[in-house]
Amino acid sequence: MKIIDLRSDTITQPTVAMREAMFRAEVGDDVYEEDPTIKALEEKGAALLGKEKSLFCPSGTMSNLVALLTHLQPGNEFIIDYRSHIYQYEVGGCAALVGAIPHTARGDRGHLTARNIEAAIREENIHYPETKLVCLENTHNLAGGTVMPMAQLADVSACAKEHGLKIHLDGARLFNAAAALNLPAKDIAQYVDTVNICLSKGLAAPAGSLLCGTEEFIVKARKKRKMVGGGMRQSGFLAAAGIVALEDMTERLLEDHALAKKLALGLAVIPGVILDPAQVETNIVKIDLAESLDAETLVASLKENYGVLCGTAGKNSIRFVTHYQIDEAGIIATMDAVKELLTAKA
Ligand SMILES: *Cc1c(COP(=O)(O)O)cnc(C)c1O
């Protein structure tokens, strides 16, 4: 049985060009700032995001953690959508390791509005923590790969500035947002102070993320990264693949989006599936199931009987993610499998 793995775009395998680049990479000790390939990747990333500097981190989780450690002091508050990755899926690092307090708000399809921020900011009062930072996520993972509208981002940015707040953008899938908007990534990043991008998701590098910001910020962030154990040595081998990811893999993300749309259109007509294909903007397809159907059972049957791997996203929903290792045949097979399973149940 051929396996069709739609659990996540993190499962992507490095390309042949990446493997060759890794084999040939010139490396040095990056804690001494002597790794030329790391330097080349960091320069390329900063330029693509329109920031002065960038810092290679082993994972997106560490990149976000280092950003929070650099932006915030213990006891500070930051405003964030309640479904954000930083709040939901980073093991509470903001509390355990930063000592900061998240002030959650309900964004619009995952994206904070200027109203959300106005409502969450605290005035000066002896009882209150100080609000310092706004965290955004684009595309928004748990909301289903949604893209933040540019006008909303501009509003949020102006609002944060007016109140003296910085903005950190978790752009694990920023290049998916850029592709969907048909804009360079830096046109989005211009509205935020710092941004994390993941090389290891749809861009298919084996590991790594880049934290981008001003030179002053990145100098401080480098020290925080060392503190949490992210100072790596000959990490240029990973950076070599990251350079290929930035050069070869951003343009093709639209192919993932087209397959996600195709899957959404196919699934939406199956009885028992609740989904509006118009809401599928990038490479994530989240479906809700009619009440009588249990997501976990369906996910298990898809795996056992059809070799289709996907994940639950709550008791009644399932998430499919398209990526470099998924082709049209895999999408058709997935639609057929879901249809057969749900028809058998009806
Ligand atoms: C995957 C992801 C991260 C974390 O990246 P890791 O490399 O898995 O630690 C952060 N934010 C979002 C939105 C993600 O999807």
Side-chain angles (χ1 to χ4, degrees), residues 5-14 41 45 49 54-69 78 80-94 96-98 102 104 107 109-112 133-148 153 167-180 185 188-189 192 194-212 225 228-230 232 235 238-239 241-242 245 249 253 256-257 260 281-286 310-311 313 319-324:
D5 195 344
L6 293 155
R7 286 172 304 167
S8 175
D9 46 10
T10 55
I11 67 111
T12 41
Q13 295 282 323
L41 171 66
L49 277 301
S54 84
L55 182 71
F56 183 76
C57 292
S59 69
T61 300
M62 190 189 285
S63 185
N64 284 330
L65 173 64
V66 166
L68 296 187
L69 281 166
F78 63 102
I80 188 163
D81 172 71
Y82 78 109
R83 287 188 290 179
S84 295
H85 197 278
I86 289 176
Y87 183 64
Q88 296 280 350
Y89 295 128
E90 298 186 6
V91 209
C94 58
L97 304 168
V98 185
T104 56
R109 298 163 74 242
H111 304 292
L112 293 180
L133 182 71
V134 172
C135 287
L136 305 176
E137 185 175 313
N138 197 13
T139 65
H140 198 287
N141 183 344
L142 202 50
T146 54
V147 178
M148 187 171 191
L153 175 58
I167 303 179
H168 172 66
L169 169 59
D170 178 1
R173 295 189 181 80
L174 184 66
F175 287 103
N176 293 87
I188 304 175
V192 303
T194 57
V195 51
N196 159 53
I197 57 147
C198 285
L199 302 165
S200 60
K201 302 231 157 133
L203 304 186
S209 284
L210 289 172
L211 175 61
C212 315
R225 184 189 67 175
V228 295
M232 294 192 288
S235 41
L238 292 173
M249 304 300 282
L253 291 173
D256 298 344
H257 299 181
E281 297 175 79
T282 58
N283 69 328
I284 299 177
V285 180
K286 250 180 79 175
C310 53
R319 187 182 87 147
F320 303 89
V321 185
T322 57
H323 54 76
Y324 190 50

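Atoms within each ligand, like the ligands themselves, are counted from 1 in listed order.
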Looking only at atom types and distance, does a side-chain atom of R173 sit under 3.5 Å from a main-chain N or O of N138, one as donor and one as acceptor?
->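 No.
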
Identified side-chain hydrogen bond (donor to acceptor under 3.5 Å, both in side chains) partner of N283 from the options T322, D9, T139, D256 |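 The residue from T322, D9, T139, D256 that satisfies side-chain hydrogen bond (donor to acceptor under 3.5 Å, both in side chains) with N283 turns out to be D9.
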
Picking from H140, H111, R109, what satisfies side-chain hydrogen bond (donor to acceptor under 3.5 Å, both in side chains) with D81?
->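 Checked H140, H111, R109 against D81; only one passes side-chain hydrogen bond (donor to acceptor under 3.5 Å, both in side chains): H140.
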
Of the side chain and backbone of [X], name the one, both, or neither that has a heavy atom under 4.0 Å from an atom of ligand 1.
{"X": "S59", "value": "both"}
{"X": "H140", "value": "neither"}
{"X": "D170", "value": "side chain"}
{"X": "T10", "value": "neither"}

Looking only at distances, can you tell me whether any N or O atom of [X], backbone or side chain, sits closer than 3.5 Å to an N or O atom of ligand 1?
{"X": "N141", "answer": "yes"}
{"X": "S200", "answer": "no"}
{"X": "C198", "answer": "no"}

To the nearest 0.5 angstrom, please state how far the CE atom of M232 sits from the CG atom of L238.
->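 So the CE of M232 and the CG of L238 are separated by 5.5 Å.
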
Any chance you could measure N64, atom CG, to D170, atom CG, to the nearest 0.5 Å?
->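 Atom-to-atom, N64:CG and D170:CG are 4.0 Å apart.
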
Numbered atoms of ligand 1 (with element) below 4.0 Å of E137, judged on heavy atoms =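 In order of number, 13 (C).
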
G60 neighbourhood, listing ligand 1 atoms whose heavy-atom distance to it stays under 4.0 Å |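 Counting from 1, the qualifying ligand atoms are 4 (C), 5 (O), 6 (P), 7 (O), 9 (O).
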
How far is atom 9 (O) of ligand 1 from its nearest protein heavy atom, and which residue and atom name does that atom have?
->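 Result for atom 9 (O) of ligand 1: T61 OG1, 2.6 Å.
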
Touching ligand 1 at all, K201? Heavy atoms, strictly under 4.0 Å?
->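 Right, K201 reaches ligand 1.
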
At the 4.0 Å heavy-atom cut-off, does R173 count as touching ligand 1?
->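 In this structure, R173 qualifies as a contact of ligand 1 - some heavy atom is under 4.0 Å.
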
In terms of side-chain heavy atoms, does S63 have a donor or acceptor partner in N196 at a distance below 3.5 Å?
->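 Yes, because at least one side-chain N or O of S63 sits under 3.5 Å from a partner of the opposite role on N196.
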
Can you find a side-chain donor-acceptor pair between D5 and H323 that sits under 3.5 Å?
->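 Note: D5 and H323 side chains miss the donor-acceptor criterion.
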
Heavy-atom pair with the smallest gap, counting every atom of R319 and S8 |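 The pair with the smallest heavy-atom distance is NH2-CB, 3.9 Å.
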
